[in-house]
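All remarks here apply to the structure that follows.
All ligand and atom numbering here is 1-based and tracks the order in the structure. Numbers for residues simply follow the sequence, beginning at 1.
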Amino acid sequence: MGRIRRGTVVGIIATALPLAAAALVAAGLFPGAGERLVTLFLINVIAVIGIGVYSGNSGIISFGNVGFMAIGAYASGLLTINPIVQKTALPHLPEWLMGWGASLLPAMLVALVVVAVVAVAIGVPLARLGGSSAAICTLGFLVIVHVVLVASSDFTRGSQTFFGIPRAANLWVTLPFAILAVAVARIYRDSVAGMKLRASREDEIASTAVGVNVRLHRFYAWVLGAVLSGAAGVLFAHFIGAFSPKDFYFNLTFMLLAMLILGGITTVSGAVVGTAAIMVIVELLRKLEGGVDLGLFSLPTVFGLTDIGIGLAILLVMYRLQDGLLGVREIDEQIPFLKRLAAGGARPAAAQPSAAPVSGAGMLRVEKVGKRFSGLVALENADFDIRPGLVTGLIGPNGAGKSTLINSVSGVVPPSTGRVTIDGTDVASLPVHRVPVAGLARTFQNIRLFRNLTVLENVMVAASAVAKDRDPVDLAREALIEVGLADLADQLAGTLSYGAQRRLEIARALALKPRYLLLDEPAAGMNPTETQELMAVLDRIRRKHRLGLLVVEHDLKLIMRLCDIVVVLNKGQQIAIGTPADIQANPAVIEAYIGRRRSPLSRRSPAIAAAAPDFDPHAAGKPA
Ligand code: ADP
Ligand code: MG
C-alpha cells in the first residue's frame with residue numbers, strides 16, 4: 001500500500017487540530033454543557049466519517065451505517081452495563097452474558113469485532129452492487145437491524161430504554177478516537193486502495209479498464225466504514241447512558257447524512273465542517289423551537305424547527321455549491337499555505353525514461369470476434385492481428401462496429417463469439433480488471449476520465465495496477481511526461497482542456513505499461529494543432545515501447561499516414577484488410593465509405609499527401 005505521503009499528514013493535522021482546539025476551548029471556557037456539546041460533536045464526527053469512508057469514496061449513499069452504530073452500542077452496552085442494574089433490567093439474559101461489568105475499551109474491542117463480522121457478511125453481496133441498488137440495500141440493512149433489536153427483547157429490552165450504561169465517554173476519551181477516525185479515513189482516502197475506489201466512483205467502466213477491482217475496494221471501504229460507525233455507536237452509548245432502538249434509526253441517519261453532504265461527501269475535512277455546521281444550526285434552532293420572547297412580540301413554538309432548518313440548510317448549500325461547503329478537494333489541497341506545506345517534501349518529477357518495455361515477440365490475435373445486442377449484429381467475424389511496433393488502423397462508417405470491436409477485445413463488453421488472445425492467453429474471458437495486467441490497455445470514444453481526481457491521481461490509479469517494485473507516483477509522472485502533461489499534475493482532470501483530456505486518457509493507458517494499446521477515436525473533436533501533437537505522441541510512444549497500436553479514426557488522411565495496416569469494417573462486417581495503399585484502391589471500401597461517388601479515397605496517395613503536407617510522423621519526435 002506504500003508509505004504515507006507528506007500531504008496526507010498535513011491534511012490529518014489540519015483537520016484534527018480544530019477538533020482538539022474545540023475540545024480545549026469547551027473544557028476551559030464552558031465546562032458542563034459546552035463540554036457535553038463538543039463531546040457529542042466529536043462522536044458525530046466519527047459517525048459521519050464512518051459513512052464518508054464508504055459513501056464518499058464509492059459514491060454510493062449508505063443508509064446502513066447507523067445500523068452499525070446500533071450494533072456497536074448494544075454489543076458494548078451488554079458488556080459494560082452495571083451488573084446490579086442488569087439483573088433487574090435484563091432478567092432473561094443468557095448466563096454467559098451476565099455480570100461482565102467490563103470497562104469501555106475492552107467492550108469496544110469486542111463490539112467492533114461483532115460489527116466487523118456483520119459488515120463482512122453484508123459486504124460480500126453488497127459489493128456486487130452499485131448506485132441506487134446498493135443504497136437501497138443499505139437502507140434494508142438499517143431496517144433489519146432495527147427490527148432485530150426491537151424483537152430481541154431479552155438482550156435489548158425491545159423498544160424500551162436500555163439503561164444503566166456507565167457514562168464513560170467524556171470529552172477526553174472521545175477526542176483521541178475522533179482524531180484517530182480522521183487519520184484512518186484520510187490515510188485510506190489517499191491510499192492506492194482509496195484512490196481506486198474514488199476512481200470507480202467517477203467512472204466505474206473506466207476504472208475497471210485500468211485494472212481496478214471495484215467490488216473488492218467497495219468491500220474494503222464498507223467494512224472500514226462500518227467499524228468506524230460501530231466505534232461511534234459505542235461512544236454514543238457511553239455518552240448518553242440510556243437509549244432505545246429508535247435512537248439509531250431514520251432521524252439519526254438523516255442528520256448524519258445531512259452533515260456529510262453539507263460539508264462535502266468526498267472529503268474528510270468536509271465531514272468535519274459539515275458536522276460542525278449542522279450542529280450549530282441544530283443548537284440555534286433548538287433554542288428557538290420552544291418559542292422565544294422578544295419583548296414586544298414572541299415567536300410561537302414551532303414543532304420540528306430543527307429538522308426544517310437542516311433541510312433548508314442542505315437545499316441552500318446544494319443550490320449554490322453542488323459538492324458541499326468544501327467541494328471535492330481536502331482543505332489542505334485548497335489553502336495555499338497548507339498546499340506549500342504538503343508539497344515541501346515532494347521529489348521533483350522523475351525525468352528518467354521508463355524501464356525497458358515488456359518484450360514479447362507475440363501478438364494480439366482477434367479471432368472471429370462477433371457481438372450481438374439482442375438481435376442486432378453489431379460485429380461479425382472480425383479477424384486480424386495487432387503486432388508490436390505497428391499501427392493498425394480501424395476504419396468504417398458510423399455504426400460499423402468499431403467501438404464494439406474495441407469493447408469486445410478489451411473485455412468491457414465480452415464478445416458473443418470468437419476469441420481474443422495475447423500470446424495464446426485468452427484475454428476476452430478474463431475479468432475486465434485483469435485485462436490490463438495481461439498487457440492490453442484502451443481509451444474510450446467518449447472521454448472517460450476520473451474528473452474529480454487530479455491529473456496525477458488519474459494516472460496513478462492505472463500505474464498502481466502494474467507497479468510491482470516501483471512507486472506508482474514515479475510511473476505516473478513518467479507517463480505524464482510522455483504526453484506532455486507533467487506540469488498539470490495537480491489539477492483536477494475535469495478542468496483540463498479537451499485536447500489535454502484526450503492526452504490524459506492516453507497517459508493513463510500508458511501507465512499500465514501495455515504491450516497493446518487500443519485508441520477509440522483519439523483525435524475526435526481536436527483542432528488540427530492538437531491532432532498533430534497527438535499524432536507525434538502516438539508515433540513516439542509506439543517506437544519507444546514497441547507498442548502494438550490499434551487506432552480508430554475518422555480522418556482518413558491521418559489513418560493513411562499513420563498506419564501500417566488498415567482494417568475496414570462496414571455494418572459489422574470486416575470488408576477489407578491491408579496496407580493503406582491496398583485499402584485506398586479497394587473498390588469495396590470505396591463503395592462502403594462513400595457510396596458510388598468517387599472521392600479522395602479512390603484517388604492515389606499523392607492527393608492525400610497534398611492534403612496533409614505538414615505532418616511527418618517520422619520527424620515528429622520532439623515533445624508536444
Ligand atoms: P462505431 O464505433 O463503428 O461507430 P459502434 O460499435 O458504436 O459503431 O456500433 C455498432 C452498432 O452496434 C450500432 O448499430 C450501435 O447502435 C450498436 N450498439 C453499440 N453498442 C450497443 C449496445 N450497448 N446495445 C445495443 N446496441 C449497441
Ligand atoms: Mg465508435
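- With hydrogens left out, the protein atom closest to atom 14 (O) of ligand 1 is Leu376 CD2, 3.8 Å, a heavy atom.
- A salt bridge does not link Glu533 to Arg502: none of the charged nitrogens lies less than 4.0 Å from a carboxylate oxygen.
- With a 4.0 Å cut-off on non-hydrogen atoms, Asn407 does not touch ligand 1 at all.
- Among the backbone and side-chain atoms of Gln445, an N, O or S atom lies under 2.8 Å from the Mg ion (ligand 2).
- Of the residues Arg218, Arg215, Arg448, the one that meets the salt bridge (charged side-chain N to carboxylate O under 4.0 Å, His left out) test with Glu204 is Arg218.
- The pair Glu482-Lys544 meets the salt-bridge criterion, since a charged nitrogen lies less than 4.0 angstrom from a carboxylate oxygen.
- For Gly396, the heavy-atom gap to ligand 1 stays at 4.0 angstrom or more.
- Protein heavy atom nearest atom 18 (N) of ligand 1, with residue, atom name and distance: Phe373 CE1, 3.5 Å.
- Distances from atom 16 (O) of ligand 1 to the protein include no heavy-atom value under 4.0 Å.
- Listed by number with element, the atoms of ligand 1 under 4.0 angstrom from any heavy atom of Ala400 are 1 (P), 3 (O), 8 (O).
- Inclusion of Ser403 in the first shell of the Mg ion (ligand 2) is supported: an N, O or S atom falls under 2.8 Å.
- Trp222 contributes no side-chain N or O that, together with a main-chain N or O of Tyr54, makes up a donor-acceptor pair within less than 3.5 Å.
- Aromatic ring centres of Phe68 and Phe141 lie closer together than 6.0 Å.
- Near Asn398, meaning under 4.0 Å from any of its heavy atoms, are these atoms of ligand 1: 4 (O).
- Ion pairing of Arg419 with Glu367 is present here, as a side-chain N (NZ or NE/NH1/NH2) and a carboxylate O approach within less than 4.0 Å.
- Salt-bridge check for Arg365 with Asp383: passed, with a basic side-chain N closer than 4.0 Å to an acidic carboxylate O.
- Looking only at atom types and distance, the side chain of Thr404 has no donor-acceptor partner in the side chain of Asn407 under 3.5 Å away.
- When the heavy-atom distances from atom 2 (O) of ligand 1 to Ala378, Ser403, Gly572 are ranked, the shortest goes to Ser403.
- At least one N/O-N/O distance between Gly399 and ligand 1 falls below 3.5 Å.
- Of the protein's heavy atoms, Thr404 OG1, 3.6 Å lies nearest to atom 5 (P) of ligand 1.
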